[in-house]
*Asks:* 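Below you will find the structure I want to go over with you.
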Number of protein chains: 2
Amino acid sequence: MKQAIYNIGVEDTMRIIGGKWKPIILCHLKHGIMRTGELRRAIPNITQKMLTQQLRELEDDGIINRKVYSQIPPKVEYSLTDYGESLNKILEDLCVWGEKDIERRKQKGENIILLNKEDVSADPLPYAD
Amino acid sequence: MKQAIYNIGVEDTMRIIGGKWKPIILCHLKHGIMRTGELRRAIPNITQKMLTQQLRELEDDGIINRKVYSQIPPKVEYSLTDYGESLNKILEDLCVWGEKDIERRKQKGENIILLNKEDVSADPLPYAD
DNA sequence: TACAGTAGGTACTAAAAAGTACCTGTAAAA
DNA sequence: TTTTACAGGTACTTTTTAGTACCTACTGTA
């Protein structure tokens, strides 16, 4: 049995939600159930390999559920577990802070683009203009 | 001028506070001003090189202040900028979630150790027994 | 005099993370 | 009949991140 030693709690949190793809995957899943292909399309640039790999790790850590339908072609749904939902507020805060930071940097003249704002993508307000 | 493109805000946040050492450094600095040596002692295992490197990046991103006293031997103090303070709640949440997660895993029989709990280390309650 | 403490820097190496390319197998659509 | 979509897997390579070792320069202490 291998032992894990942490100095402070944030190390464990980052082990679980850190990395290039996990926070992105989780920020999508906090809106609800998604199929593999939906996730792949929602996260441009992620490869099938990285997507599967990260999903497996999140599953192993008890953060997400993997529901496999025994049918052909295959259908697999991913969603946050109840425990994973306890990360929702943190994930939301991380998204919002980043959106504001990007806005701030833009104002400073940095050439930086944000494709999907959290709330905009969730609620496009089609008639607002 | 190089361009940065993000799909969702959390990518930018993680660019700034992610990695092995940055969240740890920030979780220490949110308690107040610290000198280089204090940080090095507070974060066992970090090397001088990584500490300096991460501090420079955080400084470049406007998260921390670096105050150099022109004296010998040198004295340098690090602290969160006002902007950096806007991360305090997130950092606190990340620490607390991790502490609870470690507790949860311990209960499940995992061999896992947390050396410094956020509140305990900040307020040792010397007469409480 | 030799060493510890102060706060770094730099070149090189090791390890971890991510990416590329190519594979499975079935069903439905072009 | 070939292609696409579905949800993967695996071997290998590249990139990124982190670590090691050794350097500066000055002061105070043993």
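The chains referred to below are lettered A, B, ... by the order of the sequence lines, with proteins before strands, and numbering in each begins at 1.
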*Asks:* If you define the side chain from C-beta out and look only at heavy atoms, does anything of A:Leu94 sit under 4.5 Å from B:Ile17?
*Replies:* yes

*Asks:* With the threshold set at under 4.0 Å for non-hydrogen atoms, list the residues of residues 70-78 of chain A touching DNA chain C in residue-number order.
*Replies:*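 Under 4.0 Å from DNA chain C: A:Ile72, A:Pro74.
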
*Asks:* Check residues 18-27 of chain B and write down every donor-acceptor pair under 3.5 Å in which the side-chain atom is one partner and the other belongs to a residue at least two apart or another chain.
*Replies:*
unit_1	atom_1	unit_2	atom_2	d
B:Lys22	NZ	B:Glu57	OE1	2.6

*Asks:* Taking the side chain as C-beta and beyond, is there a heavy-atom pair between B:Glu59 and B:Asn65 under 4.5 Å?
*Replies:* no

*Asks:* Looking at A:Asp60, I'd like to know if its CG atom is crowded, meaning that more than 12 non-hydrogen atoms belonging to other residues, nucleotides or ligands lie closer than 6.0 Å.
*Replies:*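 Enclosed.
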
*Asks:* Would a 4.5 Å heavy-atom cut-off, applied to side chains only, mark B:Glu103 and B:Lys117 as touching?
*Replies:*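 They are in contact (side-chain heavy atoms under 4.5 Å apart), so the answer is yes.
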
*Asks:* Please give me every residue in residues 34-50 of chain B whose heavy atoms get under 4.0 Å of an atom in DNA chain C, ordered by residue number.
*Replies:* B:Arg35, B:Thr36, B:Gly37, B:Arg41, B:Gln48, B:Lys49

*Asks:* Decide yes or no for A:Ile5 and B:Leu115: does some side-chain heavy atom of the first lie under 4.5 Å from some side-chain heavy atom of the second?
*Replies:* yes

*Asks:* Could you check whether B:Arg104 makes a cation-pi contact with A:Tyr83, meaning its NZ or CZ is under 6.0 Å from the centre of the six-membered ring and within 45° of the ring axis?
*Replies:*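 So B:Arg104 does make the cation-pi contact.
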
*Asks:* Between the side chains of A:Tyr69 and A:Glu77, is a donor N or O closer than 3.5 angstrom to an acceptor N or O?
*Replies:* yes

*Asks:* Is the shortest distance from a Lys or Arg side-chain nitrogen in B:Lys106 or B:Asp101 to a carboxylate oxygen in the other one below 4.0 Å?
*Replies:*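 So B:Lys106 does not pair with B:Asp101 through a salt bridge.
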
*Asks:* Walk along DNA chain C from 5' to 3' and tell me the first and last nucleotide with an atom closer than 4.0 Å to a non-hydrogen atom of chain A.
*Replies:*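 Nucleotide range in contact with chain A: C:dA18 to C:dA27.
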
*Asks:* Would you call B:Arg66 and B:Leu55 a side-chain contact if the rule is heavy atoms closer than 4.5 Å?
*Replies:* no

*Asks:* Side chain to side chain donor-acceptor pair (under 3.5 Å), that's the test. Do B:Glu85 and B:Thr81 meet it? Break it down for me.
*Replies:* CA-CA 6 Å; B:Glu85 305 254 11; B:Thr81 59; over 6 Å; no

*Asks:* What residues from residues 13-23 of chain A pass a heavy-atom cutoff of under 4.0 Å to DNA chain D?
*Replies:* none

*Asks:* Test question: given the 4.5 Å side-chain rule for I, L, V, M, F, W and Y, name all other residues clustered with A:Ile33, or answer none.
*Replies:* none

